[in-house]
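Worksheet: the structure to be examined is printed underneath.
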Amino acid sequence: MAKGDVDALVLGAVNTCWREPIDLPTLLTLLRSSQEPGHWRGPVRQLFADVPLPAFVRFAHRHQLSRRELGLYYARHIASRRDVNPDVEVWLRG
């Protein structure tokens, strides 16, 4: 898989059901700053729920998002919704 392919796969998965798609810089800013997703709640939840684990991990590594940082984001903003891929949830727990 080429470098940009994982970004295209992730963005395709998170934007499938939404009228206004989230772009890569916005998604990365939310994750890195641990900001409440607000308007982007749906696409951000889909990152944790619909992206297959291998692509999720490649995306994290490509953008230097640590397991800890993603785990904290998940705990703060996603876990209470219970929309998660069980494989991603296990990976986040390390």
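All values below were derived from every heavy atom in this structure, side-chain atoms included, with hydrogens, water molecules and symmetry-related copies excluded.
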- Message: Has Ser33 got a side-chain atom pairing as donor or acceptor with Thr29's backbone, closer than 3.5 angstrom?
- Response: yes
- Are side-chain heavy atoms of Phe59 and Asp7 found at a separation under 4.5 Å? yes
- Query: Are side-chain heavy atoms of Leu31 and Leu70 found at a separation under 4.5 Å?
  - Reply: yes
- Task: Check step by step if side chain to side chain contact (heavy atoms under 4.5 Å, CB included) holds for Glu69 and Ser34.
- Result: CA-CA 8 Å; Glu69 152 179 62; Ser34 198; over 6 Å; no
- Would a 4.5 Å heavy-atom cut-off, applied to side chains only, mark Leu9 and Asp5 as touching? no
- Task: Please answer whether the main-chain N or O of Val88 pairs with a side-chain N or O of Tyr74 as donor and acceptor at a distance below 3.5 Å.
- Result: no
- Message: Could you tell me if the side chain of Trp40 sits less than 4.5 Å from the side chain of Thr26, heavy atoms only?
- Response: yes
- Task: Please check if the side chain of His63 supplies one atom and the backbone of Leu28 the other of a donor-acceptor pair under 3.5 Å.
- Result: no
- Does a salt bridge link Arg76 with Glu36, judged by any charged N lying under 4.0 Å from a carboxylate O? no
- Less than 4.5 Å apart, any side-chain heavy atom of Leu30 and any of Ile22? yes
- Message: Please find the pair of heavy atoms, one from Arg67 and one from Leu92, that lie closest to each other, and give the distance.
- Response: CG-O, 3.7 Å
- Note on the structure: Rounding to 0.5 Å, atoms CG (Asn85) and CG (Asp50) come to a distance of 8.0 Å
- side-chain hydrogen bond (donor to acceptor under 3.5 Å, both in side chains): which pairs involve residues 8-18, sequence neighbours left out? Trp18-Gln46
- Residues passing the side chain to side chain contact (heavy atoms under 4.5 Å, CB included) test with Val57, sequence neighbours excluded, are Leu53, His61, Trp91
- Is there side-chain contact between Val44 and Tyr73, with heavy atoms separated by less than 4.5 Å? yes
